[in-house]
Enquirer: 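The following block contains the structure, expressed as structure tokens.
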Amino acid sequence: MSHSTEDHHTAFDANAAAALARRISEETMQHLQRPLEPGLYLVATPIGNLGDITLRALSVLARADIVYCEDTRHSARLLQHYAIRAETRPFHDHNEDGMRGRVMEQLERGARIALISDAGTPLVSDPGFKLVRECAAKNVPVFSLPGPSALVTALSGSGLPTDAFFFAGFLPPKEAARKARLNELKTVPATLIFYEAPQRLAGSLGDMAVCLGNRPAVVARELTKMHEELVRGRLSDLTRQYDGREPKGEIVVLCGPPEIGEVSDELIAERLDVALQSMRLKDAAAAVSDSLGVAKTRVYNLGLKAKKLD
Ligand code: SAM
């Protein structure tokens, strides 16, 4: 079956554009005219593309008594873009404990407070958890506004199973702690999702290949931005691809769930191959035996046999 572009052409012309713009503006006006109840509003903001903000988010940010921001200067760009003149104050990892009491007082006096982070959904690897916990304990209303988050954006575009997923946030930066964490996660029957910094990507992918096995994985970079890319492959391929490279921008790494089946010699050899890129045979055998749950001697002997064949 052949498709020409005309088959898919809809009549979206200047008139249709004007009608849509009018509807958006009417709809926004309706949001702005609804009363804004007192309480804490958790407002998701774009992770790159400023168009990814909801009408409701804009209408809350415009009318909140105070908008608490992870970084007021960073959020000023978003607010200015939409001509919102909000009163902003900082609420971040370093002042959260000190600020919480003051924010609770304001909320208990009936203020309408919005909380935003630099990007995406507040509280997802971002500050705010203790504040929301305290609101819940003191029956202060909390309104969580859905919107962008890098983890869901990456997951839905990844092509990896979406029926069950486990968001593991950032891995520890040091190798030993990172491997220990990966070994804890290796039996989780779900797609694993991690946030990662560019300078740690290569190291983390290598450790994932050793600890989790050669699963299908995706490196999702600069989502919703100009240089957005989703790089798909097995963990060993991705490890090789990013070895010695520090890609620019923001990154989510996703690994498919554990692949079911008996542990074959081929699988052991494959994992040993990856582990031997950064370890001696003795350590590689220990790491692979740990991650696959097979005897260390079996892995070691397979490694010796492979060496002799080389
Ligand atoms: N609260 C945010 C959310 O809902 O996604 C996450 C905040 S966390 C401090 C920042 C991390 O999210 C980045 O280091 C990166 O791993 C991921 N991230 C944020 N924006 C991204 C984007 N546009 N593309 C890929 N990853 C992104």
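Note that ligands are numbered from 1 as they come in the structure, with each ligand's atoms numbered from 1 the same way.
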Enquirer: If you have a sec, work out which protein heavy atom is nearest atom 15 (C) of ligand 1 and how many Å separate them, to one decimal?
Expert: I251 O, 3.5 Å
Enquirer: Can you find an N/O atom of K225 closer than 3.5 Å to an N/O atom of ligand 1?
Expert: no
Enquirer: Atoms of ligand 1 less than 4.0 Å from E196 heavy atoms?
Expert: 16 (O)
Enquirer: Does the side chain of Y68 come under 3.5 Å of the side chain of Q106 through a donor N or O and an acceptor N or O?
Expert: yes
Enquirer: Check whether any side-chain heavy atom of T45 sits under 4.5 Å from a side-chain heavy atom of S75, and report yes or no.
Expert: no
Enquirer: Is any N or O atom of A220, backbone or side chain, closer than 3.5 Å to an N or O atom of ligand 1?
Expert: no
Enquirer: Note the single closest protein heavy atom to atom 7 (C) of ligand 1, along with its residue, its atom name and the distance in Å.
Expert: D126 OD2, 3.2 Å
Enquirer: For R89 and T72, does a side-chain donor sit closer than 3.5 Å to a side-chain acceptor?
Expert: no
Enquirer: Please say whether T224 places an N or O atom under 3.5 Å from an N or O atom belonging to ligand 1.
Expert: no
Enquirer: Should you measure from each heavy atom of T121, which atoms of ligand 1 turn up under 4.0 Å away?
Expert: 1 (N), 3 (C), 4 (O)
Enquirer: Is there at least one pair of N or O atoms, one from P148 and one from ligand 1, spaced under 3.5 Å apart?
Expert: no
Enquirer: Looking at side-chain heavy atoms only, is the closest gap between V210 and M279 below 4.5 Å?
Expert: yes
Enquirer: Considering non-hydrogen atoms of the protein only, which is the closest contact for atom 9 (C) of ligand 1, and what is the distance?
Expert: S125 O, 3.2 Å
Enquirer: Checking a contact table here: which protein heavy atom is nearest atom 14 (O) of ligand 1, and how many Å away?
Expert: F170 CZ, 3.4 Å
Enquirer: In terms of residue, atom name and distance, what is the protein heavy atom nearest to atom 24 (N) of ligand 1?
Expert: L223 N, 2.9 Å
Enquirer: Under the criterion side chain to side chain contact (heavy atoms under 4.5 Å, CB included), I'd like the reasoning laid out for T121 against L42: C-alpha separation, chi angles, the key distance, then a yes or no.
Expert: CA-CA 8 Å; T121 300; L42 308 169; over 6 Å; no
Enquirer: Starting from atom 18 (N) of ligand 1, what is the nearest protein heavy atom, named by residue and atom, and what distance separates them?
Expert: A150 CB, 3.5 Å
Enquirer: Could you check whether atom CZ of R34 has more than 12 heavy atoms from other residues, nucleotides or ligands sitting under 6.0 Å from it?
Expert: yes
Enquirer: Starting from atom 20 (N) of ligand 1, what is the nearest protein heavy atom, named by residue and atom, and what distance separates them?
Expert: E250 OE1, 3.3 Å
Enquirer: Taking S158's backbone N and O only, do any of them form a donor-acceptor pair with R232's side chain (distance below 3.5 Å, no angle check)?
Expert: yes
Enquirer: Determine whether the aromatic ring centres of Y195 and F167 lie less than 6.0 Å apart.
Expert: yes
Enquirer: By number and element, which atoms of ligand 1 are closer than 4.0 Å to a non-hydrogen atom of G120?
Expert: 3 (C), 4 (O)
Enquirer: Would you check whether L151 has a nitrogen or oxygen atom less than 3.5 angstrom from a nitrogen or oxygen atom of ligand 1?
Expert: no
Enquirer: At what distance is the nearest protein heavy atom to atom 2 (C) of ligand 1, and which residue and atom is it?
Expert: A119 O, 3.2 Å
Enquirer: Students often mix this up, so state it plainly: with edges at 30° and 60°, are the rings of Y41 and F143 parallel, tilted or perpendicular?
Expert: parallel
Enquirer: Side chains of D126 and S117: any donor to acceptor distance under 3.5 Å?
Expert: yes
